[in-house]
Asks: 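I'd like to ask you about the structure that follows.
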Amino acid sequence: VSWRRFFKREQWDAERRREIDAYIDIETDHNIARGMTAHEAREAAQRKFGNRTLVQEEIYRMNTLTFIDSLARDLRYALRGMHHSPSFTAVAVLTLALGIGATTAIFSVVNGVLLKPLPYPDPDLLVGVWQSAVMQGRRVNNASLAPPMYFTYFDQNQTFEAFGAWSPGAANVTGMGDPEEVRTVVVTQGVLPALGVQPFLGRWFSSADDTPGTPETVVLSYGYWQRRFGGDRGVIGGSLVVSSRPREVIGVMPASFRFPDADPEMFLPQRFERAATTPNFSFRGIARLKRGVTLAQANADVARMLPAAQEAVQIPPEAMAALRMGPALRPLKQDVVGDIGKVLWVLMGSVGLVLLIACANVANLLLVRGEARRQELAVRAALGAGWGRIARELLVESAGLASIGGVLGVGLAYGGLRLLVFLGPANLPRLAEIAIDPLALAFAAGVSLLSGLAFGLIPVFKHAGPRIAGALRGNSRTASLSRERHRARNTLVVGQVALALVLLVSSGLMIRSFQALRNVQPGFTQPEQVQTVRISIAAAQVAEPARVTRMQTDIVDKIAAIPGVVSVAFSTGLPMETEYRINNFITMEDRPVLPEGQFPPMRRYKYVSPGLFQTLGTRFIAGRDFTWTDIHEKREVVVISENLARELWGRPDTALGKRIGVGMADGWSEIVGVVGDVYDEGVHQSAPATVYWPARESSRDGFVVRAVTVAIRSTRTGTESFLNQIREAVWSVNPSLPLAQVRTLGEVYTTSMVQTSFTLVMLAIAGAMALLLGVVGIYGVISYAVSQRRREIGIRLALGAQPRELRGMFVRQALALAAIGSAIGLLTAAGLTRLMASMLFEVSPLDPATFAAVAAILLAAAVLASYAPARRAGAVDPLDALRAD
Amino acid sequence: MPQGTLDMLILQTLVLGPAHGHTIAYAIERGSEDVLQVEHGSLYPALHRLEGRGWITSFWGTSENNRKARYYRLTPDGRKQLTAQTARWDQVVRAIGRILKPAEQK
């Protein structure tokens with residue numbers, strides 16, 4: 001069959017008809033010539049020709065692909081069917097679109113975050129270089145690198161193709177309009193070769209660039225280059241003032257480049273001193289393994305280098321030994337993705353369940369429709385339509401519904417993802433890589449077809465089966481009474497209720513977790529009334545430590561004068577600003593000698609100004625706050641948290657007057673106050689024991705904190721006029737200071753719960769959809785039962801049954817279905833919620849209150865869903881019902 | 001009648017020149033000495049098939065008694081096909097003849 005003929009088959013058909021006409025005309029002429037009458041001649045001609053229809057059909061078949069032709073017919077038939085029952089079609093298509101859309105959206109997230117390889121060449125060779133160490137009796141796997149270790153690994157490794165160290169940070173850009181703080185990543189020369197991405201313009205850092213003493217350089221991200229230089233290629237070789245130091249722009253990264261686990265606007269070279277031995281463990285290692293090297297071999301390589309690396313770090317050997325460091329390399333992807341995987345898979349499972357419920361609903365609708373078409377199908381079967389033929393027709397119809405639903409669903413998913421990226425849950429890694437790509441489209445198509453098949457097969461088995469002819473015999477009246485006819489639909493509803501219960505239980509557990517999180521006293525009050533701005537004073541800008549302290553004091557004074565400011569103070573990091581946390585060792589004057597092999601405790605450090613606790617609303621347990629006199633007279637005083645006081649001296653008040661220090665030889669500071677615990681890691685983790693040092697120049701080594709977050713308590717937070725006044729106040733002290741992290745403490749607090757609230761919202765959406773679909777399912781089954789049993793209802797009413805009893809009968813039927821479904825759902829949920837235990841907070845995965853409440857909600861929903869159709873049963877007019885047939 | 005035989009008979013008929021369906025039908029009926037008694041209608045699917053293979057082409061013309069009729073003509077491809085099939089046919093006939101002859105001679 002040629003395609004030309006296939007598409008022109010109508011025309012060919014007409015051609016053949018004319019040709020056959022010509023034969024008959026010619027033969028008739030001949031016959032008349034032989035002496036027949038006109039009538040006889042034509043009849044004889046037709047006899048001579050034979051069965052004309054058969055011949056035409058044979059030719060038609062030669063011109064067509066039978067399968068495609070009849071498929072097109074089935075499709076047309078299905079579309080006509082949809083057109084005839086628009087409400088059925090709309091409900092079915094919308095239900096499917098919701099199910100398929102939700103599944104596709106979450107799949108796109110799973111795909112973008114978990115499945116897609118990292119966007120670098122040979123991403124499987126990339127590893128994060130970490131060490132494991134024993135901290136406070138627990139082995140942790142995220143000990144990072146100190147500069148001497150970096151050099152050891154860089155010089156001596158045998159398994160790395162490339163190796164580098166990096167750390168995220170921020171820097172001030174000045175000299176171009178308003179000063180601005182930009183996100184940076186400080187990298188050693190090996191980081192880009194490890195990632196394997198060439199710069200878009202210029203070059204990457206060479207070993208000269210990360211050697212101290214050479215001219216300073218910078219590499220820009222594509223976005224920053226576009227934003228600040230409008231994509232000007234002449235920027236290479238130009239100069240940019242970063243952290244008050246002019247730097248030569250040597251390169252621009254490509255637009256598609258993403259740095260793993262950070263979103264920097266520029267890259268600065270990390271210039272370690274070879275001679276430095278400081279135990280500054282704050283650099284992350286990244287390496288590209290040599291081809292053929294396994295992770296185990298690389299770990300062994302690091303284990304081999306560790307003794308030399310540790311020796312290079314200036315920590316007492318016995319302290320180092322106590323850390324019991326080991327290698328802990330892991331795939332870079334694991335570093336980037338973190339622990340979000342579990343949440344995403346749970347969500348994927350949930351939307352999968354929603355899709356199943358949606359399919360069950362559509363199957364139910366199709367069954368109802370099939371009931372109505374039983375007679376029609378039976379007549380067609382009787383006229384010779386084969387079982388396969390009818391089955392195919394029904395399947396084509398459901399596949400058509402699924403396809404339309406799928407197309408709409410992809411649209412919904414697209415919208416949903418745009419919304420998700422816009423909302424940008426802060427803890428969702430690789431957000432920019434989430435998109436509906438070909439794989440997601442293929443997934444949507446596959447899911448659509450599969451669901452079409454799933455809900456399409458049920459009516460096929462019900463209605464296209466060999467017993468179809470039976471429908472012709474019994475009329476609808478007797479047929480409706482058979483219990484077997486309802487079994488499939490009841491089973492579907494029970495399944496729906498069970499699945500909806502599982503989803504509602506999981507969202508219920510998340511709600512309880514969220515409530516528990518909200519109930520934690522975080523150690524500060526009314527965070528939405530605390531405005532924060534981050535200010536860094538670069539060493540190149542103001543060198544002398546004393547002047548830095550004075551400048552910070554001036555800024556506080558200026559801000560305090562703004563109308564509506566209740567109090568103002570600053571700290572190296574406000575609560576839950578985890579990106580600015582500092583940990584260090586503390587030593588105690590009353591415990592000068594540590595037992596053999598023991599190690600001074602490592603605790604959270606914060607450098608704070610007087611008034612911080614009052615501004616944040618942190619309670620004082622004992623003693624007093626710092627005063628400005630403490631600062632100006634350089635008194636050696638310190639405030640500690642309640643849990644640290646209890647840990648070291650048993651009681652908060654006995655801690656007062658005790659003295660602690662950073663190191664044995666560094667001198668002591670007296671504890672003058674004990675404050676309430678602050679949940680610095682977020683409310684889902686225990687409050688770290690904290691030492692608060694006064695924020696001023698250290699009298700020992702001239703150290704001063706240069707980057708601080710200012711906290712301003714006021715009811716005017718967030719207003720434009722207020723922010724302008726703060727900006728003016730800061731710039732009146734120094735006009736080249738940028739203001740970064742302008743937000744409220746409330747936002748920081750909310751962000752710390754974002755994983756829980758994100759999961760909660762997503763699960764709640766899934767749960768709500770499931771509940772809605774379940775209600776629709778119950779409603780459908782009961783109203784169908786009512787319509788089928790009208791006659792029976794009529795008889796009962798005629799015999800004296802009360803409408804109330806009839807209503808009760810149907811509501812009880814719904815309750816029975818919901819109860820069975822709930823029972824199955826409760827058992828299933830009990831098995832499944834364990835999977836989400838790590839996402840819960842102070843709630844057991846088997847929380848009885850949640851389980852009971854959800855079951856009650858579902859039963860109530862079943863009553864509500866069945867009440868409307870049940871009322872109709874009560875309102876049946878017996879005369880009407882009996883006369884109807 | 002096997003399909004291949006009918007195809008060959010049609011091609012054979014058209015060797016003499018273009019003809020329309022009615023003529024071909026009678027030619028075959030006569031040429032096979034009335035052995036091949038067929039309903040003339042069954043000719044048309046065969047014609048359609050041969051045209052599809054490109055062995056014959058068709059055009060509308062006027063018949064001897066002034067009727068519009070569809071004429072068929074042998075294409076070079078069709079001629080080649082006919083030669084090949086006739087040759088094979090001859091081979092078969094000869095082979096059968098050789099097998100049968102000795103028996104006759106006994």
Side-chain angles (χ1 to χ4, degrees), chain A residues 1-70, chain B residues 1-7 9-10 13-14 17-32 34-73 75 77-78:
Chain A
V1 176
S2 78
W3 286 101
R4 199 166 45 83
R5 279 195 181 180
F6 176 69
F7 288 113
K8 288 188 162 176
R9 58 192 193 279
E10 304 288 331
Q11 199 186 321
W12 273 95
D13 223 25
E15 188 99 318
R16 291 299 148 187
R17 250 192 328 269
R18 281 203 329 197
E19 188 177 359
I20 293 167
D21 286 342
Y23 173 93
I24 290 177
D25 289 344
I26 294 172
E27 180 70 11
T28 309
D29 289 349
H30 283 240
N31 285 344
I32 291 172
R34 284 181 198 126
M36 296 187 194
T37 66
H39 184 69
E40 280 172 348
R42 182 153 286 272
E43 283 204 331
Q46 274 160 354
R47 261 198 311 280
K48 186 84 188 171
F49 187 85
N51 188 335
R52 181 177 179 155
T53 318
L54 223 58
V55 170
Q56 266 176 264
E57 273 189 357
E58 195 179 337
I59 293 174
Y60 183 85
R61 264 205 303 279
M62 278 194 224
N63 280 342
T64 187
L65 300 169
T66 326
F67 178 75
I68 292 187
D69 203 40
S70 57
Chain B
M1 187 166 51
Q3 214 177 63
T5 318
L6 182 59
D7 290 357
L9 288 172
I10 293 171
T13 311
L14 292 178
H20 57 71
H22 187 261
T23 316
I24 301 172
Y26 273 95
I28 291 176
E29 202 177 310
R30 273 195 306 274
S32 56
D34 292 336
V35 178
L36 304 172
Q37 278 295 349
V38 289
E39 284 179 334
H40 287 186
S42 60
L43 188 66
Y44 286 85
L47 285 171
H48 187 70
R49 186 168 55 237
L50 291 176
E51 192 175 1
R53 287 182 191 159
W55 294 349
I56 57 177
T57 56
S58 63
F59 57 94
W60 284 98
T62 317
S63 76
E64 51 279 16
N65 47 2
N66 256 338
R67 292 265 184 200
K68 271 269 190 202
R70 196 176 176 84
Y71 278 77
Y72 291 91
R73 182 197 293 135
T75 64
D77 255 10

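Below, read A as the first sequence line, B as the second, and so on, with proteins coming before strands; counting in each chain starts at 1.
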Asks: Which residues in residues 28-45 of chain A have any heavy atom closer than 4.5 Å to a heavy atom of chain B?
Replies: A:D29, A:H30, A:R34
Asks: Based on non-hydrogen pairs under 4.5 Å, which of A:D21, A:D25, A:I20 is most in contact with chain B?
Replies: A:D25
Asks: From B:Y26 OH over to A:E27 CD, what is the distance, rounded to the nearest 0.5 angstrom?
Replies: 3.0 Å
Asks: ring-ring contact (aromatic ring centres under 6.0 Å, His included) for B:H20 and A:Y23? Distances and angles first, verdict last.
Replies: CA-CA 9 Å; B:H20 57 71; A:Y23 173 93; 8.8 Å; no
Asks: Roughly how far apart are B:S63 OG and B:H22 NE2, rounded to 0.5 Å?
Replies: 9.5 Å
Asks: Atom CZ in B:R67, atom CD1 in A:I24: separation rounded to 0.5 Å?
Replies: 11.5 Å
Asks: How long is the straight-line distance from CG of B:L47 back to CG of B:L14, given to the nearest 0.5 Å?
Replies: 7.5 Å
Asks: Does any heavy atom of chain B fall under 4.5 Å from the side chain of A:E15, the backbone, both, or neither of them?
Replies: both
Asks: Kindly compute the distance separating CD1 (B:I56) from CG (B:D7), expressed to the nearest 0.5 Å.
Replies: 9.0 Å
Asks: Between B:T75 and B:W55, is there a donor-acceptor pair closer than 3.5 Å when you use the side chain of the first and the backbone of the second?
Replies: yes
Asks: Measuring from B:Y72:OH to B:I10:CD1, what's the distance to the nearest 0.5 Å?
Replies: 9.0 Å
Asks: Using non-hydrogen atoms only, which part of A:N51 is less than 4.5 Å away from chain B: side chain, backbone, both, or neither?
Replies: backbone
Asks: What part of A:R52 lies closer than 4.5 angstrom to a heavy atom of chain B: side chain, backbone, both or neither?
Replies: neither
